[in-house]
Amino acid sequence: MFIGPAGSGKTSLIYAFGSWIEKELGLNVACVNLDPGAEVLPYKPVLDIRNFFTMRDVMVKYGLGPNGAFIKASELVAEYSDKILSMNPFSNLSEWDYILVDTPGQMEAFIFRPASNIFFSKLSRLASIAGIYIIDASAIAGLADAITLWFLGLLAQVKTGIQIVPVVNKIDIAVNKEYARLLIEAPEKLIEIARIEREQGILSDLAPELLSLALKTKQALRPVEVSAKEGYGMNELYYLIHEVFCTCGDLT
Ligand code: GDP
């Protein structure tokens with residue numbers, strides 16, 4: 001499952017990563033689009049939620065504005081979940097090596113709503129799931145940005161119960177990729193910077209505490225930096241996902 005804030009690069013990364021797996025490894029990849037608001041997709045989905053409803057349908061049918069429609073659409077994903085999971089590629093798991101799922105653009109309207117739990121609990125009975133949580137490197141200027149985006153991924157793990165793997169995307173236009181990388185790899189190195197920034201009044205009092213929590217909850221995951229646009233880092237992303245599925249492995 002590819003999750004992340006709107007515009008972080010879920011759709012682009014699915015296309016780049018899926019093409020890389022097919023071309024480099026010769027494996028069968030199915031892409032699934034669960035975003036009813038998608039306009040143009042770079043990949044060809046095996047299953048597309050827009051065959052059931054689009055955002056425009058939801059707005060018209062229920063007389064809703066864009067935000068209400070996003071929430072209604074996520075309820076519809078849950079309502080249609082049995083139907084969705086009875087169709088290819090989910091009905092045909094032995095045919096596919098990987099299924100890459102594009103989640104609705106507005107993370108808060110899907111991941112952080114009850115609907116996602118319904119969908120994930122049904123899906124997890126069928127297959128092993130990893131959540132690729134995308135951190136947009138172009139959205140990280142300061143430490144507060146890095147902490148906020150990283151925590152959103154942790155909250156997604158709490159909310160969905162699936163293993164979440166953070167990935168830093170848009171590395172080609174990163175503003176401060178060091179912070180995002182250190183959060184995943186060595187949050188202790190950021191605590192001192194946070195203390196200084198707090199004393200200067202730049203950062204909230206909460207920031208060093210949150211970084212300490214990051215340290216406690218840190219998984220043994222190596223930071224992976226990718227660029228969906230330039231196709232960079234696909235190899236590292238592939239091995240990271242492998243590690244998640246390998247329960248016997250040492251993740252360091
Ligand atoms: P989504 O809403 O999370 O699915 O994000 P999209 O895949 O639609 O990407 C949002 C915008 O970011 C698009 O204009 C993409 O071209 C751009 N984008 C995505 N990944 C990258 C990347 O790695 N580098 C750059 N420079 N732009 C990217």
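In what follows, residues are counted from 1 in the order of the sequence shown.
Of all heavy-atom pairs spanning Gln157 and Ile162, the tightest one is CG-O, 3.6 Å. The shortest heavy-atom contact between Val224 and Gly233 is CG1-O, 4.3 Å. Summarising the geometry of Val175 relative to Ser138, their closest heavy-atom pair is CG2-O, 3.6 Å, with the distance given to 0.1 Å. Among all heavy-atom pairs drawn from Met59 and Ala69, the shortest one is CG-CB, 3.4 Å. Between Leu152 and Met107, the closest heavy-atom pair is O-CE, 4.0 Å. The two residues Cys31 and Ile14 make their nearest non-hydrogen contact at SG-CG2, 3.7 Å.
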(request) Carefully, step by step, assess Tyr43 and Val29 under the rule side chain to side chain contact (heavy atoms under 4.5 Å, CB included). (result) CA-CA 11 Å; Tyr43 56 81; Val29 176; over 6 Å; no

(request) Starting from the C-alpha separation in whole Å, work towards a yes-or-no answer on side chain to side chain contact (heavy atoms under 4.5 Å, CB included) for Val226 and Asn169. (result) CA-CA 5 Å; Val226 300; Asn169 184 36; 3.5 Å; yes

(request) Assess whether side chain to side chain contact (heavy atoms under 4.5 Å, CB included) is satisfied between Ile111 and Met1, documenting all intermediate values. (result) CA-CA 11 Å; Ile111 295 294; Met1 307 288 302; over 6 Å; no

(request) Determine, stepwise, if the pair Val46 / Trp96 fulfils side chain to side chain contact (heavy atoms under 4.5 Å, CB included). (result) CA-CA 11 Å; Val46 170; Trp96 304 104; 3.9 Å; yes

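When side chains are defined from C-beta on, Arg181 does not count as touching Val168, because their heavy atoms never get closer than 4.5 Å. Between Ile164 and Leu154 the shortest side-chain heavy-atom distance does not fall below 4.5 Å.
With rounding to the nearest 0.5 angstrom, the CG atom of Asn235 is 11.0 Å from the CD1 atom of Ile21. Note that OG of Ser121 and CD1 of Ile129 are 9.0 Å apart. Values are rounded to the nearest 0.5 Å. Between the CG atom in Leu211 and the CG atom in Leu190 there is a gap of 6.0 Å [rounded to 0.5 Å]. For the atom pair CG (Asn28) and CD1 (Ile99), the distance works out to 11.0 Å, reported to the nearest 0.5 Å. In this structure, CG on Leu34 lies 12.5 Å from CG on Leu76, to the nearest 0.5 angstrom. Distance check: Ile241 CD1 to Ile132 CD1 gives 3.5 Å after rounding to the nearest 0.5 Å.
Legend: salt bridge (Lys or Arg N to Asp or Glu O under 4.0 Å) pairs involving residues 115-124, not counting sequence neighbours, sorted by first then second residue: Asp82-Lys122. The side chain to side chain donor-acceptor pair (under 3.5 Å) analysis of residues 10-21, with sequence neighbours excluded, yields the pairs Thr11-Asp102. Residue pairs meeting the salt bridge (Lys or Arg N to Asp or Glu O under 4.0 Å) criterion with at least one partner in residues 84-96, sequence neighbours excluded, are absent. Legend: side chain to side chain donor-acceptor pair (under 3.5 Å) pairs involving residues 104-119, not counting sequence neighbours, sorted by first then second residue: Ser116-Lys159, Asn117-Lys159. Screening residues 56-80 for side chain to side chain donor-acceptor pair (under 3.5 Å), with sequence neighbours left out, gives Thr54-Asp57. Applying the ring-ring contact (aromatic ring centres under 6.0 Å, His included) rule to pairs touching residues 104-157 yields nothing, sequence neighbours excluded. Listed by first then second residue, pairs satisfying salt bridge (Lys or Arg N to Asp or Glu O under 4.0 Å) with a partner in residues 19-47 number zero, not counting sequence neighbours. Residues in residues 135-156 take part in these salt bridge (Lys or Arg N to Asp or Glu O under 4.0 Å) pairs, two or more places apart or across chains: Asp136-Lys170.
Clustering ILVMFWY residues whenever any of their side-chain heavy atoms sit less than 4.5 angstrom apart, transitively, puts Phe70 in a cluster other than the one holding Ile3. Leu93 and Met87 fall within the same hydrophobic cluster, where Ile, Leu, Val, Met, Phe, Trp and Tyr residues are linked whenever their side-chain heavy atoms come under 4.5 Å apart, directly or through other members. Under the 4.5 Å side-chain heavy-atom criterion for ILVMFWY residues, no single connected hydrophobic cluster contains both Ile71 and Leu155.
Here Val158 sits alone; no ILVMFWY side chain lies under 4.5 Å from its own, so it joins no hydrophobic cluster. Other residues sharing a hydrophobic cluster with Val60 under the 4.5 Å side-chain heavy-atom criterion for ILVMFWY residues do not exist; the residue is a singleton.
Here Glu197 pairs with nothing under the salt bridge (charged side-chain N to carboxylate O under 4.0 Å, His left out) rule; sequence neighbours left out.
A donor-acceptor pair is defined here as one N or O able to donate and one able to accept, closer than 3.5 Å; no such pair exists between the side chain of Ser8 and the backbone of Ile135. At distances below 3.5 Å, at least one donor-acceptor pair connects side-chain atoms of Arg50 with backbone N or O atoms of Ala38.
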Show me the donor-acceptor pairs, under 3.5 Å and distance only, between side chains in residues 199-206 and residues at least two apart or in other chains.
| unit_1 | atom_1 | unit_2 | atom_2 | d |
| --- | --- | --- | --- | --- |
| Ser204 | OG | Leu206 | N | 2.9 |

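Taking the six-membered ring for Trp and the full ring otherwise, the centers of Tyr238 and Tyr98 sit less than 6.0 Å from each other.
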